[in-house]
2 protein chains.
Amino acid sequence: MLLEENYNPLKLENQICFPLYSVSRLLIQQYKPLLDELNITYPQYLVLLVLWENNEIPVKDISEKLLLETNTLTPLLKRMETNGYLQRNRSKTDERMVIISLTKKGKDAHQKALEIPQKLVEKLDCFSVDKKEMEVMKSILDKVIATVKN
Amino acid sequence: MLLEENYNPLKLENQICFPLYSVSRLLIQQYKPLLDELNITYPQYLVLLVLWENNEIPVKDISEKLLLETNTLTPLLKRMETNGYLQRNRSKTDERMVIISLTKKGKDAHQKALEIPQKLVEKLDCFSVDKKEMEVMKSILDKVIATVKN
DNA sequence: AAAGTTTTAATCGTGAACGATACAAATATA
DNA sequence: TATATTTGTATCGTTCACGATTAAAACTTT
């Protein structure tokens, strides 16, 4: 297709970012009903994934892991604090840092969340999305992230 | 990896949606400096792509092509109208519909935009992102969209 | 120790996304 | 032809994203 004579790079169907952007949103929409049960959003779910692997982690490190700026994370973390999922405490050794840690509610949510990935896979199955293709795509995306990250 | 004994589906690195979501945002960030020259955002660029293929198109049809709800498009289209890129007119045959059409500025922007895809490809080259892999990914994503769309 | 620089969060403003709701125009049904 | 339903758009409220800026703490370098 790239070799066709009157190839138009501005045609919607020739965009690479558009399907990426759309599928990302479509997938997040698939997560929504599952996350609603925990009363969290998809970005908040990502924060929980990080915290379940590292209880006690500075905002900066969450920012690096999720590729989100602190001006996105600060209000998001405050909402999660209000909802009782986590605590925000200034580090005593370096007062520039705010250390995020899970509350009991945040830790307990891990058990409930364990079924989310499987339920999502089932949803994608319904859409006849090929699991192998998803693996291929994931490996490509991970490579892109690794190179962009430098 | 999926076969390992203590495979943890809640590990960040085992998520499929997260890299999709991140790369989508990273790519849109790559577009930003190019789109800044036209004083438009990435979703606004998508609207222009649609309009360059169909001058005179109802909001509903843009919504279907971009997979965006009208409550997202209405304010976005109003901003583009304010910026002089397009016009919004009620259809005379069916007054429920608002027909979007390009202004001269909107049509003229097409010429400037022609160089955007090439410039983006160059950027991705710098990140040593493989073009073939991008094609593979695009075909998978297009399939996902087609199936989700039903 | 004083001055400059870097690091880490927070604040502010703008622009998406999207669920819920409203409303008028068009269409279908009784 | 009334009444009900559907369709297309708009409005409202909440939550991201993110650039620009601010501020304080921690470091470097005179």
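Computed over heavy atoms, backbone and side chain alike; hydrogens, waters and symmetry mates excluded. Since the structure is predicted, the reported quantities are computational estimates derived from the model, not experimental observations.
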Quiz item: Donor-acceptor pair, B:Ser139 side chain versus B:Val136 backbone, under 3.5 Å?
Solution: yes
Quiz item: C:dT7 P sits how many Å from A:Asp94 CG, rounded?
Solution: 12 Å
Quiz item: Rounded to the nearest Å, what distance is computed from the OH atom of residue B:Tyr31 to the P atom of nucleotide C:dA16?
Solution: 16 Å
Quiz item: Mind checking whether B:Tyr42 and A:Tyr21 have parallel, tilted or perpendicular rings, split at 30° and 60°?
Solution: perpendicular
Quiz prompt | Global bending angle along the helix from C:dA1-D:dT30 to C:dA30-D:dT1, which compares the axes of five pairs at either end, to 10 degrees | solution = 10°
Quiz item: Is the number of heavy atoms from other residues, nucleotides or ligands within 6.0 Å of CD (A:Glu122) greater than 12?
Solution: yes
Exercise. Could you label the plane-to-plane angle of the B:Trp52 and B:His110 rings as parallel, tilted or perpendicular, counting under 30° as parallel and over 60° as perpendicular?
Key: perpendicular
Quiz item: Does the A:Lys60 side chain pair with the main chain of A:Met97, one donor and one acceptor, at a distance under 3.5 Å?
Solution: no
Quiz item: Quick one: on DNA chain C, does A:Met97 or B:Leu67 contact a more 5' nucleotide (nearest heavy atom)?
Solution: A:Met97
Exercise. May I ask you to decide if A:Asn39's main-chain N or O and A:Asp36's side chain share a donor-acceptor pair within less than 3.5 Å?
Key: no
Quiz item: Taking the nucleotide of DNA chain C with the closest heavy atom to each, which residue, B:Thr93 or B:Tyr42, is nearer the 5' end?
Solution: B:Tyr42
Quiz prompt | Spacing of B:Leu73 atom CG relative to C:dA16 atom P, expressed in whole Å | solution = 10 Å
Quiz item: Of A:Asn83 and B:Leu77, whose closest DNA chain D nucleotide lies nearer the 5' terminus?
Solution: B:Leu77
Quiz item: Rounded to the Å, how far apart are B:Lys78 NZ and C:dT14 C1'?
Solution: 17 Å
Practice problem: Can you sort out which residues in residues 58-66 of chain B have a heavy atom within less than 4.0 Å of DNA chain C? Ascending by number, please. | Solution: none
Exercise. Indicate yes or no for a side-chain donor-acceptor contact from A:Glu53 to the backbone of B:Leu12 under 3.5 Å, with no hydrogens or angles considered.
Key: yes
Quiz item: So, the side chain of B:Thr72 versus the backbone of B:Leu68: is there a donor-acceptor pair under 3.5 Å, distance only?
Solution: no
Quiz item: What does B:Thr70 touch in the nucleic acid at a heavy-atom separation under 4.0 angstrom: a base, only the sugar-phosphate, or nothing?
Solution: base
Quiz item: Counting only N and O atoms by type, is there a donor-acceptor contact under 3.5 Å from the side chain of B:Arg90 to the main-chain atoms of B:Glu95?
Solution: yes
Practice problem: Using whole Å, report how far CG of A:Leu76 lies from P of C:dT11. | Solution: 15 Å
Quiz item: Contact class for A:Thr41 (heavy atom, under 4.0 Å): base, sugar-phosphate, or nothing?
Solution: sugar-phosphate
Quiz item: Counting only heavy atoms not in B:Lys65, do more than 12 fall under 6.0 Å of its NZ?
Solution: no
Self-check item: Value in whole Å for how far the P atom of C:dT7 lies from CD of A:Glu69
Solution: 14 Å
Self-check item: 5' to 3' contact window, DNA chain D with chain A (heavy-atom distance under 4.0 Å)
Solution: D:dT15 to D:dA26
Practice problem: May I ask you to check whether over 12 heavy atoms, not counting those of B:Lys112, lie within 6.0 Å of atom NZ? | Solution: no
Quiz item: According to a strict under-4.0 Å criterion, is A:Tyr21 in side-chain N/O contact with OP1 or OP2 of C:dA17?
Solution: yes
Quiz prompt | Between C:dA9 (C1') and A:Ile99 (CD1): distance, integer Å | solution = 12 Å
Exercise. Please tell me which of the listed nucleotides, C:dA10, C:dA26, C:dT7, lies nearest to the side chain of B:Arg96?
Key: C:dA26
Quiz item: For A:Ile57, does its backbone N or O pair with a side-chain atom of A:Asp61 as donor and acceptor, under 3.5 Å?
Solution: no
Self-check item: Interatomic distance, B:Asn71 CG vs C:dA20 C1' [rounded to whole Å]
Solution: 9 Å
